[in-house]
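Worksheet for the structure shown next.
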Amino acid sequence: MLDIKFIRENTEAVRKAVAARNDSAPIDEILELDERRRSNLARLEELRRERKSASRTNDGDFREKGRQIREQIKELEDIIREIESRLNDCLLRVPNNPQPSVPEGKSEDDNIVIRTPGAPRQVDFAPLPHWEIGENLGIIDFEAGARISGSRFYVLKGLGATLQRALIDFMLDMHIREHGYKETYLPVMVRQEALIGSSNLPKFADNLYRDIEEDFWFIPTAEVALTNLHRDEILAHAELPLCYVAHTPCFRREKMSAGKDVRGIKRGHQFEKVEMYKFVIPETSNEELEKMVANAEEICARLEIPYRVKELCTADISFASTRTYDIEMWAPGCNEWLEVSSCSNCGDFQARRANIRYRPELDSKPEYVHTLNGSGLALPRVLISVIENYQRSDGTIDIPEALKPYIRVSNTSRA
RNA sequence: GGAGGGAUCGCAUAGUGGUCUAGUGCGGGCGCCUGCUAAGCGCUUACAUCGGGAAACCGGUGUCGAGGGUUCGAAUCCCUCUCCCUCCGCCA
């Protein structure tokens, strides 16, 4: 969330930023509530001061006087509590400010392709989409997925499941051994506060699954759990940056994309993802973002699959982000670029919500860290790209060289 | 699910209604002393928020797991909740 002081002092900039995102955050209401909160607070504090001195003097009608002050304090406290709860709810719905360098845009069409390394593989036959290859080979079973859980679910079998597992292993190993991330195993059911910290709540409740009985929420991405790993902590300057990687399932209701991408495994209610996450000092966050994107690109490169990197425009960067790069892999069967990663610098937005700070100097005041997140990468779409890019004319698929060490069971592509 | 115990300013603790304006030890910082190091000595060291100030800083208020309540006055008494620990039950 944005600092209320920042909104107060940079109102026009904030309005512009909100407009650039096509967002409708209630800035006027925030300013008004803030004004009322502060004036009431001044009165309340004055009353508390009176109560304190009255109870200390212990003379005359101090009991009666104290009783009167108490009633006034209670009244004011109720008013302020109400104002603060409304103010806080409004503040939680204001998106982060994009960095000045982020391209202005009205929709995802205004995102900018900044590099396209490598060329699409040339094949001398018409490439099939993964759902056909997958069904022909018996490695993706859509019918079984629907039978068990309904639409937007699928079952991976034999080589399909093995390939996904190998990809996860391959990605984790690379980030841990070569890119310096620490592996973590995380809860995928979390409390509401965790989702407020990561900024999925209150605004995006529609996209989340929830267990009403225990009030557990299912994470839509490991970013949620990773953000909260250091909630309410003051981190030591020396231990930053902290870099984590995790593989988790992700759960999304996808209400907003009803009817979209229903074919294949591109968009399911449940999918696997390897996620990178960093806690860094503010000065280095943009630099760390570049590194993170490079870490994600390295996976694409090693898999020898064509990809491109886009910088997202103001209208398309996520709610918490100040700046975002997407990585897309080419899928010749679907004939489209698939988003396999989104890497964002969230600045201090999540850190303020989750109260994650560090001390710049040994004796200085704590300041908020910057947080970054990036997929490294999202499994179903990488699986699509592998299947479609490595398909052979006889209907079978080849295994990328980089994955061969990770396929440890004998598993023919006719599995 | 049941029974009991606990949560205090980085860590460990003291504090059961009124100079608690939260004490002490450890750890951290600054300095002194001393060939060096160690030890010793002195000072200092929580966070948030509001107001004033260009700033250094000054003043107010709040925070003893969280939220309510009782009281002239709450770390302390009452209620609800969260988390941790011990034991019992169930269980991969």
Side-chain angles (χ1 to χ4, degrees), chain A residues 1-10 30-92 185-198 201-202 210-217 224-225 227-240 242 248-249 279 281 348-369:
Chain A
M1 106 183 126
L2 296 179
D3 188 358
I4 178 65
K5 267 187 250 167
F6 181 85
I7 298 178
R8 201 188 295 147
E9 288 160 16
N10 303 275
I30 286 171
L31 292 171
E32 190 224 312
L33 288 167
D34 174 51
E35 195 57 47
R36 285 177 52 204
R37 186 185 88 91
R38 281 183 298 145
S39 61
N40 281 300
L41 199 59
R43 284 174 58 208
L44 176 66
E45 288 180 359
E46 178 58 25
L47 283 169
R48 280 174 171 160
R49 204 172 62 81
E50 276 178 41
R51 172 176 68 181
K52 204 180 245 182
S53 63
S55 75
R56 282 205 181 138
T57 52
N58 268 24
D59 61 22
D61 56 348
F62 74 99
R63 279 171 206 277
E64 181 50 34
K65 199 176 160 198
R67 240 184 304 258
Q68 283 171 12
I69 296 175
R70 187 174 69 201
E71 290 314 308
Q72 293 178 57
I73 284 178
K74 271 184 188 159
E75 213 173 292
L76 259 184
E77 278 175 344
D78 285 345
I79 292 170
I80 291 174
R81 201 175 301 143
E82 165 69 17
I83 292 172
E84 283 186 341
S85 118
R86 279 172 57 197
L87 178 59
N88 196 255
D89 189 67
C90 288
L91 282 173
L92 290 175
Y185 169 78
L186 304 164
V188 299
M189 290 151 71
V190 302
R191 38 172 69 243
Q192 190 177 307
E193 296 81 70
L195 285 150
I196 291 171
S198 59
L201 285 178
R210 175 187 185 185
D211 166 56
I212 305 273
E213 192 92 1
E214 303 286 345
D215 201 27
F216 278 127
W217 300 65
V224 175
T227 302
N228 287 275
L229 203 54
H230 292 294
R231 192 168 68 190
D232 293 322
E233 282 189 48
I234 299 175
L235 301 166
H237 190 175
E239 62 183 331
L240 298 174
L242 284 166
T248 67
F279 300 86
I281 61 172
D348 63 8
F349 194 78
Q350 291 177 323
R352 183 172 289 108
R353 286 176 168 239
N355 193 30
I356 309 161
R357 296 171 295 174
Y358 80 107
R359 279 183 213 281
E361 306 292 337
L362 278 169
D363 269 344
S364 61
K365 287 230 155 217
E367 283 178 20
Y368 292 112
V369 299

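Lettering of chains follows the sequences in order, A, B, ..., and the numbering in each one begins at 1. What's counted below: heavy atoms across the whole structure, side chains too, no hydrogens, waters or symmetry copies.
- Between A/Arg38 and B/G51 there is a side-chain polar atom (N or O) within less than 4.0 angstrom of OP1 or OP2.
- Sequence order on RNA chain B of the closest nucleotides to A/Glu64 and A/Ala42 puts A/Ala42 first from the 5' end.
- In this structure, CD of A/Glu75 is placed 13 Å from P of B/G69, rounded to the nearest angstrom.
- Residue A/Arg48 places no side-chain N or O under 4.0 Å from the OP1 or OP2 atom of B/U61.
- Straight-line distance from the CD atom of A/Glu45 to the P atom of B/G51: 9 Å, rounded to whole Å.
- Taking atom P in both B/C64 and B/C9, the straight-line distance is 10 Å, to the nearest Å.
- Around atom CZ of A/Arg8, more than 12 heavy atoms belonging to other residues, nucleotides or ligands sit under 6.0 Å away.
- Only the P atoms considered, B/U8 is 16 Å distant from B/G67, to the nearest whole Å.
- The nucleotide B/C57 finds its pairing partner in B/G52, both defining distances of the Watson-Crick or G-U wobble pair being shorter than 3.5 Å.
- When each of A/Asp78 and A/Glu214 is assigned the nucleotide of RNA chain B bearing its nearest heavy atom, the one mapping closer to the 5' terminus is A/Glu214.
- Within the 4.5 Å cutoff, side-chain heavy atoms of A/Ile7 are placed close to those of A/Leu91.
- Residue A/Arg8 places at least one side-chain N or O under 4.0 Å from the OP1 or OP2 atom of B/C50.
- Searching all strands for a Watson-Crick or G-U wobble partner of B/G73 with both distances below 3.5 Å returns nothing.
- Across B/U19 and B/G27, the matching C1' atoms stand 30 Å from one another, rounded to whole Å.
- OP1 or OP2 of B/G18 has not a single side-chain nitrogen or oxygen of A/Arg51 nearer than 4.0 Å.
- Rounding to whole angstrom units, CD1 of residue A/Ile80 and P of B/A48 are separated by 20 Å.
- Across all strands shown, the partner of B/G62 is B/C47, judged by Watson-Crick or G-U wobble contacts whose two distances both fall under 3.5 Å.
- Between the NE2 atom of A/His237 and the C1' atom of B/G28 there is a distance of 17 Å, given to the nearest Å.
- Annotation: B/C33 and B/A38 have their C1' atoms spaced 13 Å apart (nearest Å).
- Atom C1' of nucleotide B/G73 and atom CD of A/Glu50 are separated by 15 Å, given to the nearest angstrom.
- Contact check for A/Trp217 versus A/Val224: no side-chain heavy atoms found under the 4.5 Å cut-off.
- Across all strands shown, nothing is found opposite B/C9 as a Watson-Crick or G-U wobble partner with both distances under 3.5 Å.
- At least one side-chain nitrogen or oxygen of A/Arg81 sits closer than 4.0 Å to the OP1 or OP2 atom of B/G68.
- At a threshold of 4.0 Å, the pair A/Arg81-A/Asp78 counts as salt-bridged, since one of the basic side-chain nitrogens sits closer than that to a carboxylate oxygen.
- Residue A/Arg37 has a polar side-chain atom (N or O) positioned under 4.0 Å from OP1 or OP2 of B/C50.
- Between the C1' atoms of B/A12 and B/A7, the separation comes to 14 Å (whole Å).
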Can you check side-chain contact (heavy atoms from CB on, under 4.5 Å) on A/Arg67 and A/Glu64, steps first, answer last?
-> CA-CA 5 Å; A/Arg67 240 184 304 258; A/Glu64 181 50 34; 3.5 Å; yes
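- Pair assignment for B/U34: none, as no Watson-Crick or G-U wobble contacts are both less than 3.5 Å.
- Candidate nucleotides B/U70, B/U49, B/A48 were compared by shortest atom distance to the side chain of A/Arg357, and B/A48 ranks first.
- Whole-Å rounding puts the A/Glu77 CD to B/G69 C1' distance at 12 Å.
- In this entry B/A14 has no Watson-Crick or G-U wobble partner, no candidate having both defining distances under 3.5 Å.
- Using N1 to N3 plus N6-O4 or O6-N4 for Watson-Crick, or N1-O2 and O6-N3 for G-U wobble, each under 3.5 Å, B/U86 pairs with B/A3.
- At most 12 non-hydrogen atoms from other residues, nucleotides or ligands lie less than 6.0 angstrom from CD of A/Glu75.
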Evaluate the side-chain contact (heavy atoms from CB on, under 4.5 Å) criterion for residues A/Lys74 and A/Arg70: first the C-alpha distance (whole Å), next the side-chain angles of each, then the deciding distance (0.1 Å), finally the verdict.
-> CA-CA 6 Å; A/Lys74 271 184 188 159; A/Arg70 187 174 69 201; 4.1 Å; yes
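- Atom name P, nucleotides B/U16 and B/C88: the rounded distance is 34 Å, in whole Å.
- Rounded to the nearest Å, the gap between the C1' atom of B/C36 and that of B/A54 is 47 Å.
- Here, B/A66 and B/G60 have their P atoms 24 Å apart, quoted to the whole Å.
- When the side-chain nitrogen and oxygen atoms of A/Arg359 are compared with OP1 and OP2 of B/C47, one or more of them lie within a distance under 4.0 Å.
- In this structure, of B/U82, B/U61, B/U49, it is B/U82 that holds the atom nearest to the side chain of A/Arg191.
- The shortest distance between the side-chain N/O atoms of A/Lys52 and the OP1/OP2 oxygens of B/G18 is not below 4.0 Å.
- Atom-to-atom, CD1 of A/Ile69 to P of B/U71 comes out at 15 Å; the value is rounded to the nearest Å.
- For the pair A/Arg70 CZ and B/G73 C1', the interatomic distance rounds to 10 Å; values are reported in whole Å.
- Partner assigned to B/A39 is none, using Watson-Crick or G-U wobble distances below 3.5 angstrom.
- A/Tyr358 approaches A/Tyr368 most closely through the heavy-atom pair CE2-O, 3.8 Å.
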